[in-house]
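Keep in mind that the numbers below use all heavy atoms, side chains included, and drop hydrogens, waters and symmetry copies.
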Amino acid sequence: METLAVALLGFFFVGYVVLGGADLGLGMLLPCLGRTEEERHRTVSAIWPLFLVNEVWLVAAAGLFIGAFPTLEGEVFSGLLVVFVPLIAGWMIRDAGLWWRTAGMGPAADWLVCGGSWLAAGGWGWLIASLLNDSATEPTALGLGALTTLFVLLLFLAHGLGFATLRLTGTPLARAQRLTGRGGRGGRHSLLLTSLVSATLAVPAGARLPLTEHAASDTALRLIVPLSLAALPLLLAAHLWLWRLVRRGGFRPSAL
């Protein structure tokens, strides 16, 4: 049961890094892809509504981590508090900007989306660096942390650029395609490559945690793991349905 819980946690975590990293990367690119008010509106709209279902993967991972590995969760969150604070702050700022954009706040909301995306992506880079450290419950050294964070920032930028070629229209799409090359096919290839790199980076980071040694009791795992397994196909189905709906134009990239 512990092995199944670890596998599910890894799947949820990798799912968020791949999917959530794409919309964070697109938010980071907002000033580059959107030069005018209308272009920025179109770029921000491309993140809707996918970021909502992407965040469900993170909520699922956090819930399973807290429920199945409660002791380790306390050690990690308290030991890496200095890392989690900017990460969560960036996440909240980015999401606030996205919601305020729908309320008609133009440039101010755009800066929140862009700045929050950079802060959250940097927080993920520092967190991954800390998990790869000798002690997964202590922040990593400044040098290694800065290098890893820089790599993750560049990775999320490339990931968001590939995502942009699938979601944008008009001039912002043309800018994204020029950067990825070979039109739409280049964007798909870029997105696939950055997805593989993101997953490859997330797996060893999570594997550094002593999960099996800190698993909850069998009674708790027999409740939490089946519930997580039951939720997994629902989450996958909802994500696929929403993506197909977006691709069909149910939510147009040019309008909220």
Kindly compute the distance separating CZ (F84) from CH2 (W91), expressed to the nearest 0.5 Å.
11.5 Å
Rounded to the nearest 0.5 Å, the CZ atom of F51 sits from the OG atom of S117 at a distance of 10.5 Å
Is a side-chain donor or acceptor of R167 paired with a backbone partner of W48 at a separation under 3.5 angstrom?
yes
Identify the heavy atoms of L221 and P226 that sit nearest to each other, and give their distance.
O-CD, 3.5 Å
Mind listing the side-chain donor-acceptor pairs of residues 59-72 below 3.5 Å, one per line with the distance, residues two or more places apart or on another chain?
none

Please tabulate, for the side chains in residues 199-211, all donor-acceptor contacts under 3.5 angstrom to protein atoms that are two or more places apart in sequence or on a different chain.
from, atom 1, to, atom 2, distance (Å)
T200, OG1, L196, O, 2.7
R208, NH2, N133, O, 2.9

Interatomic spacing from CD1 in I93 to CG in L98 - rounded to 0.5 Å:
12.0 Å
Nearest 0.5 Å please: distance from the CG atom of L24 over to the CD1 atom of I47.
8.5 Å
Donor-acceptor pairs under 3.5 Å, side chain of residues 139-159 to any protein atom, not counting sequence neighbours: which ones?
from, atom 1, to, atom 2, distance (Å)
T148, OG1, L144, O, 2.9
T149, OG1, W126, N, 3.3
T149, OG1, G145, O, 2.7
H159, ND1, T194, OG1, 2.6
H159, NE2, V18, O, 2.6

Linked, directly or transitively: L112 and V85 (ILVMFWY side chains, under 4.5 Å)
no
Test your reading of the model: is there a side-chain donor-acceptor pair from R40 to the backbone of P107, 3.5 Å cut-off?
no
Working to the nearest 0.5 angstrom, can you tell me the gap between L33 CG and L26 CG?
6.5 Å
Return each pair, listed once, that meets side chain to side chain donor-acceptor pair (under 3.5 Å) where at least one residue sits in residues 14-37; pairs must be two or more places apart or across chains.
D23-N54, D23-R94, E37-R101
Over all atoms of both residues, closest heavy-atom pair of G160 and L29:
C-CD1, 3.9 Å
So do L19 and H239 actually touch side chain to side chain, heavy atoms under 4.5 Å?
yes
Nearest 0.5 angstrom please: L52 CG to L242 CG, how far?
8.5 Å
Pairs in or reaching into residues 61-74: which pass salt bridge (Lys or Arg N to Asp or Glu O under 4.0 Å), with residues at least two apart or in two chains?
none
For E39, give me all partners under salt bridge (charged side-chain N to carboxylate O under 4.0 Å, His left out), at least two apart in sequence or on another chain.
R175
Any chain of hydrophobic side-chain contacts (each under 4.5 Å) joining V14 to F11?
no
Would you sort out whether L30 and D110 count as a side-chain contact (heavy atoms from CB on, under 4.5 Å), showing the intermediate values?
CA-CA 8 Å; L30 179 58; D110 294 338; 3.8 Å; yes
What closest approach, in Å, do P172 and T43 show between heavy atoms, and which atom pair accounts for it?
CB-OG1, 3.9 Å
Is it possible for you to say whether V6 and L4 belong to one hydrophobic cluster, with membership spreading through side-chain heavy-atom contacts below 4.5 Å?
yes
With a 4.5 Å cut-off on side-chain heavy-atom distances among I, L, V, M, F, W and Y, is there a chain of contacts connecting L236 to L9?
yes
In one Ile/Leu/Val/Met/Phe/Trp/Tyr side-chain cluster, 4.5 Å: L50, L240:
no
Exam field: side chain W118 to backbone M28, donor-acceptor pair closer than 3.5 Å
yes
Student check: side-chain heavy atoms of L127 and L80 closer than 4.5 Å:
yes
Which heavy atom of L8 sits nearest a heavy atom of S228, and at what distance?
CD1-CB, 3.9 Å
Looking at A164 and L173, what are the two nearest heavy atoms and their distance?
O-CD1, 4.1 Å
